[in-house]
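Working notes, beginning with the structure itself.
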2 protein chains.
Amino acid sequence: MSEQPADSCIIKHFQSYTNIDDKDQQLLLSLEKGPQEWSKNAILWQQGDKSDSFFTLNKGWACSFRDMEDGSRQVLDVFVPGDIIGLREFAFQTRITSVVLLTDAVLCSFPRQHLDSIFASSLTLCNLMFMIIARDQAILLERLVNLGRRTAREKLAHFLVELAHRLGRTNALVEKHLSLPLTQNILADALGLTSVHINRTLQDFRQEGLLNTGNCHLELLNIKGLAEVAGFDAFYLETSVFSQPAKSGCSMQEELS
Amino acid sequence: MSEQPADSCIIKHFQSYTNIDDKDQQLLLSLEKGPQEWSKNAILWQQGDKSDSFFTLNKGWACSFRDMEDGSRQVLDVFVPGDIIGLREFAFQTRITSVVLLTDAVLCSFPRQHLDSIFASSLTLCNLMFMIIARDQAILLERLVNLGRRTAREKLAHFLVELAHRLGRTNALVEKHLSLPLTQNILADALGLTSVHINRTLQDFRQEGLLNTGNCHLELLNIKGLAEVAGFDAFYLETSVFSQPAKSGCSMQEELS
DNA sequence: AAGGACAGATAACCTAGGTTAAGTGATGGC
DNA sequence: GCCATCACTTAACCTAGGTTATCTGTCCTT
């Protein structure tokens, strides 16, 4: 293979959490397939499909959703570049959600059975996988709080600020303007609201100078202001890799405040 | 130690998913502490506490929740006997939720650093842990759908039927009457509703012969009827352990349809 | 036995957000 | 260049569920 570790989606992703040593990098590299290009609106998989792989999202955006019997839809996650898609379907033989691409995208696929090689060969990676899935859960928990106990204004602001944080991975980016490829329908389906009410709320935010709306895009102008509307606290995004097996000498926590 | 494997909370729990061989049983047994008795309304931990262990719930019920700034509360999980509590806090140094006991209870604690021993020693257990956390996520996903896109009637019915399934672990139990130690406040906080509206909805269900309400208890009389109200589909609870490492000969899927 | 705390019940009234419908662009296929 | 589609906008009206308040019963506590 002519690939360099730097080309690998999943190595990049893991490196953003912690140091991955050469051996582990080679292991990951040997297991992933891709990268591969996909176009906007492509369906990555549908509920009921055989569940035998997951993906890393190198470029572009995606979301997972569930179609309801009555024709409505609940968006469950929005995935941003660097995210792993489908890890939570690990326990199921068939997909329990569908995934669609919100933009043109580049993905790598990763056959699930290769997880065994990871578990068997690298405690670091095993811990890391566990940490990533636990962080996903924390995001889901926060979304539950959002849907259960906040107003439409707060829901929308919270959702947008969370995305800003996830895109930045540090607070640095949170000060800048940020463009998100999200339609009002996607927002409505993610937040359990109607697109009409999303529109009303976006109008308000726009008049308050918090953001601009465009064609299939949202530009965040004042993320701090949105965070205040939402009462946003980023604690649930601030994971840290836990105990490091003794045999490995690297510290894993330096870049994660 | 005089403990027998049969006394172990976590072995029982894992056995309900798949076969655990003797070596793995000994490993688990050596790592857990307990069992220990707790009384109703005890706080297992609070948001912000140091996060260094998880628990198995041998007897009794518990729930995790988040307190909101405005004094309201969002219940995030209800835990029933056999559940693992706190696995999802794995990625965090401090607790991101609080946990309170809904009844008197018996728990075993499990220091988190011992997970490394598990990951290092047993592929079976490593896979199993992954499966359990993934199943937890599936339950969260379904709760998101519940909060986002269903009416109060559907939310309540869905929540109750899910608990019935989790208590039964098979459809067998779903035909019988079932008593749940849940107050109307807990239900309200779990479903993003008010206790007043929970009360109204429970009155309706009672008049339809679907359940009885009592003092801090709910008796489900017609689970099939509730499932119809909710449009309930149990697919998201039906996990199965995936590929089995070659070195172990046991089949893991027989008891999981 | 009195008092307090809490689960539950119920009624009157209110509002956040849903529903329906009728627009206006912009985009893209042919 | 025309037509269809789709994102978005806006307005009029409606309802599911929230709010507030009062009342009951039960269980602890002392």
Side-chain angles (χ1 to χ4, degrees), chain A residues 39-41 61 63 68 70-75 100-104 146-159 179-207 211-219 229, chain B residues 39-41 61 63 68 70-75 100-104 146-159 179-207 211-219 229:
Chain A
S39 45
K40 182 173 168 174
N41 293 327
W61 288 52
C63 73
M68 311 289 290
D70 66 356
S72 67
R73 160 180 292 202
Q74 175 68 40
V75 167
V100 65
L101 297 179
L102 298 175
T103 65
D104 291 343
N146 215 17
L147 288 196
R149 285 285 180 240
R150 290 201 250 255
T151 64
R153 254 178 90 83
E154 292 167 341
K155 284 181 193 179
L156 183 50
H158 194 280
F159 184 77
S179 179
L180 317 176
L182 299 170
T183 66
Q184 298 181 7
N185 268 311
I186 296 282
L187 289 170
D189 289 340
L191 298 172
L193 299 166
T194 58
S195 59
V196 174
H197 199 68
I198 289 287
N199 187 283
R200 290 195 272 244
T201 311
L202 284 176
Q203 298 309 324
D204 292 347
F205 284 168
R206 192 159 58 180
Q207 274 166 28
L211 48 73
N212 267 329
T213 58
N215 193 21
C216 299
H217 278 270
L218 257 182
E219 196 190 0
V229 170
Chain B
S39 44
K40 182 172 170 175
N41 293 327
W61 288 52
C63 75
M68 311 288 291
D70 65 357
S72 67
R73 160 180 293 201
Q74 176 68 40
V75 166
V100 64
L101 297 179
L102 299 175
T103 66
D104 291 343
N146 214 17
L147 289 195
R149 284 285 180 241
R150 291 201 249 254
T151 64
R153 254 178 91 82
E154 292 166 343
K155 284 180 193 179
L156 183 50
H158 194 280
F159 184 77
S179 178
L180 316 176
L182 299 170
T183 66
Q184 297 181 7
N185 268 310
I186 296 283
L187 290 170
D189 289 340
L191 297 172
L193 299 166
T194 58
S195 59
V196 175
H197 200 67
I198 290 287
N199 188 284
R200 289 195 273 245
T201 311
L202 284 176
Q203 298 308 325
D204 292 346
F205 284 169
R206 192 160 57 180
Q207 273 166 28
L211 48 73
N212 269 329
T213 59
N215 193 22
C216 300
H217 278 269
L218 257 181
E219 195 190 359
V229 170

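Lettering follows sequence order; numbering is per chain, from 1.
- Of all the heavy atoms in A:Ala157 and A:Val229, the pair that sits closest is CB-CG1, 3.8 Å.
- When all heavy atoms of B:Arg149 and A:Ala188 are compared, the closest pair comes out as NH2-O, 3.2 Å.
- Looking at every heavy atom in both residues, B:Phe159 comes nearest to B:Asn146 through N-ND2, 4.1 Å.
- Atom NE2 in B:His197 sits 9.0 Å away from atom NZ in B:Lys155 (nearest 0.5 Å).
- Residue A:Ile198 holds its CD1 atom at 12.5 Å from OG1 of A:Thr213, rounded to the nearest 0.5 Å.
- Shortest non-hydrogen contact noted between A:Val75 and A:Ile186 is CG2-O, 4.1 Å.
- Side chains of B:Asn185 and B:Thr183: a donor-acceptor N/O pair is absent below 3.5 angstrom, by distance only.
- A:Leu187 CG to A:Leu193 CG: the interatomic distance, rounded to the nearest 0.5 Å, is 9.5 Å.
- An OP1 or OP2 oxygen of C:dA7 is reached within less than 4.0 angstrom by no side-chain nitrogen or oxygen of B:Thr213.
- Remark: the B:Gln203 side chain and the B:Arg206 side chain contain an N/O donor-acceptor pair separated by less than 3.5 Å.
- In this structure, B:Asp70 atom CG and D:dG18 atom C1' are separated by 13 Å, rounded to whole Å.
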Going 5' to 3' through nucleotides 24-30 of chain C, assign each nucleotide B (protein heavy atom under 4.0 Å from a base atom), S (under 4.0 Å only from sugar-phosphate atoms) or - (no protein heavy atom that close).
---S---
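- The heavy-atom pair separating A:Leu102 from A:Cys63 by the smallest distance is CD2-SG, 3.9 Å.
- For the segment residues 193-205 of chain A, the set of residues with a heavy atom within less than 4.0 Å of an atom of DNA chain D comprises A:Val196, A:Asn199, A:Arg200, A:Gln203, in numerical order.
- The nearest whole Å value for the distance from the CG atom in B:Leu147 to the P atom in D:dG17 is 12 Å.
- Look at CG on B:Leu191: it is 18 Å from P on D:dA16, rounded to the nearest Å.
- Between A:Gln184 and D:dT9 there is a side-chain polar atom (N or O) within less than 4.0 angstrom of OP1 or OP2.
- Of all the residues in residues 148-157 of chain B, not one reaches under 4.0 Å from DNA chain C with any non-hydrogen atom.
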Steps toward side-chain contact (heavy atoms from CB on, under 4.5 Å) verdict (B:Lys40, B:Asp104):
CA-CA 4 Å; B:Lys40 182 172 170 175; B:Asp104 291 343; 3.5 Å; yes
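- Straight-line distance from the CG atom of A:Leu182 to the C1' atom of D:dA7: 13 Å, rounded to whole Å.
- Atom CG of A:Leu102 and atom P of D:dA7 are 11 Å apart (whole Å).
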